[in-house]
Amino acid sequence: QNPFLEDHRIDGNPVLPMAGVMNWMGSSCEALLPGYRFFSLENMRMLKGIVFQNGNVDQYHLDIRETEKDAERVVLDLVLWSLHEGERVQHYGATVKLVSGHQDVPMYEQFNAQENDAVDGADYYQNGTLFHGPLFQVIDRGLNASSDKLTLACTLPDLTVAEQGQFPVSTQHLCANDAKFQALLVWARQFKDAGALPTRFERYEHYRAIPIGEVFYLSLDVTESTNARVNGTITLHDSDGRIYSRLIDAETTISKNLKFAAAVN
């Protein structure tokens, strides 16, 4: 029911991207509370990733508990879990905020549009830096990269209803969210010669939708890095710096032993 998973395989196994979890959490809360729209997701933590193999889990469950509500906002705590051999396994936890009013669109002031040792985006998917298949291949070009910054030019695909599966595009776009994590993998490979997988982030804010088929920009600002992890803020914005969304204090674990096979197109 979710054909996009064929393009998100690690070691041959389909893996639910963290971007899919973000989509599920936000859209589920919106569906429960008409009149409010998704704005932010906080304290997202991966406790155990979801890998589809051996057919040993039939269902995944999302528990939603309202903790605050007034005319302007609703705050909800969420836990994504499954049963494995009779035991409850927690996979992800987070807090979602919905709002009813208008949110001003902030500006990203540190946009660096200059091309310096630019990279064709296709190279990332073909040289093992990224493992993502065609549906997730949104990076068109790497404009510049340094020890504390990465700038990418990207374009979102127009996913069919069938391709979206059980994670339909609504306020959030699956591929836009996944691009944020791809940026961390690109930086880790270039500056740490290591593979990376996302584990948590402090806050995700959504301001407006990215037009399908139009170029947008991704700016990664690295805030801390070691040989075991990298943290940064990832901002999606237009050429004027007007922000679409941003991921604050995102963290990935990194390892030189983590290697990806090139994607099959």
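Note that these values count all heavy atoms, side chains included, but never hydrogens, waters or copies made by symmetry.
A chain of hydrophobic side-chain contacts below 4.5 Å, direct or via other Ile, Leu, Val, Met, Phe, Trp or Tyr residues, connects Tyr124 to Ile10. The cluster map of Ile, Leu, Val, Met, Phe, Trp and Tyr, joined by side-chain heavy atoms under 4.5 Å apart, puts Leu47 and Val51 in different clusters. The cluster map of Ile, Leu, Val, Met, Phe, Trp and Tyr, joined by side-chain heavy atoms under 4.5 Å apart, puts Ile243 and Phe38 in different clusters. When the side chains of ILVMFWY residues are joined at heavy-atom separations under 4.5 Å, either directly or via intervening members, Val21 and Val89 end up in two distinct hydrophobic clusters. By the rule that hydrophobic residues join a cluster once side-chain heavy atoms approach within less than 4.5 Å of another member, Phe181 and Leu135 end up as members of one cluster.
A centroid separation of 6.0 Å or more is found between the aromatic rings of Tyr244 and His237. Checked against the 6.0 Å centroid criterion, the rings of His8 and Phe131 qualify as a close aromatic pair. Outside the 6.0 Å centre-distance limit, the rings of Tyr217 and Tyr108 are not counted as a close aromatic pair. In this structure, the ring of Tyr125 has its center no less than 6.0 angstrom from the ring center of Phe136.
Between Lys180 and Ser245, some side-chain heavy-atom pair lies under the 4.5 Å cut-off. A 4.5 Å side-chain heavy-atom check between Glu68 and Asp70 finds every atom pair outside the cut-off. A 4.5 Å side-chain heavy-atom check between Ile139 and Leu130 finds at least one atom pair inside the cut-off. For the pair Glu72 and Val99, the minimum side-chain heavy-atom distance is 4.5 Å or more. Side chains of Trp187 and Val222 form a contact here, defined as non-hydrogen atoms less than 4.5 Å apart. Taking the side chain as every heavy atom from C-beta outward, Met25 and Leu62 approach each other to under 4.5 Å. Side-chain contact between Thr252 and Leu197 is absent, with no heavy-atom pair separated by less than 4.5 Å. Residues Leu32 and Ile64 form a side-chain contact, since some pair of their non-hydrogen atoms from C-beta on lies under 4.5 Å apart.
Of all the heavy atoms in Ala179 and Val138, the pair that sits closest is CB-CG2, 3.6 Å. Between Asn112 and Asn144, the shortest heavy-atom distance links the atoms O-ND2, 3.0 Å.
Expressed to the nearest 0.5 Å, how far CD of Gln103 lies from CD of Glu205 amounts to 9.0 Å. Here the CD-CG distance, from Glu224 to Asn231, works out to 5.5 Å after rounding to the nearest 0.5 Å. Between the CD1 atom in Ile248 and the CZ atom in Phe201 there is a gap of 10.5 Å [rounded to 0.5 Å]. Annotation: the span from Thr226 atom OG1 to Ile254 atom CD1 amounts to 6.0 Å, rounded to 0.5 Å. To the nearest 0.5 angstrom, Met44 atom CE is 9.0 Å from Leu78 atom CG. In this structure, CG on Asn23 lies 9.0 Å from OG1 on Thr171, to the nearest 0.5 angstrom.
A salt bridge between Arg141 and Asp123 is absent, with no side-chain N of the basic residue lying under 4.0 Å from a carboxylate O of the acidic one.
Judged purely by distance below 3.5 Å, without hydrogens or angles, the side chains of Thr155 and Glu214 never pair a donor atom with an acceptor atom. Defined by atom type and a distance below 3.5 Å, a donor-acceptor pair is missing between the side-chain atoms of Asn43 and Thr95. Asp178 and His132 share a side-chain donor-acceptor pair at under 3.5 Å.
Taking a 6.0 Å sphere around CZ of Arg65, one finds it holds 12 or fewer heavy atoms contributed by other residues, nucleotides or ligands.
Ring geometry, Tyr204 versus His206: the interplanar angle falls from 30° to 60°, so the pair is classed tilted.
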Steps toward side chain to side chain contact (heavy atoms under 4.5 Å, CB included) verdict (Gln90, Val79)
CA-CA 7 Å; Gln90 293 193 349; Val79 176; 4.0 Å; yes
Would you check, one step at a time, whether the test salt bridge (charged side-chain N to carboxylate O under 4.0 Å, His left out) holds for Arg246 with Asp221?
CA-CA 11 Å; Arg246 60 187 170 194; Asp221 293 287; over 6 Å; no
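For the ring-ring contact (aromatic ring centres under 6.0 Å, His included) with His91, the qualifying choice from Trp81, Trp24, Tyr60 is Tyr60, the only one to do so.
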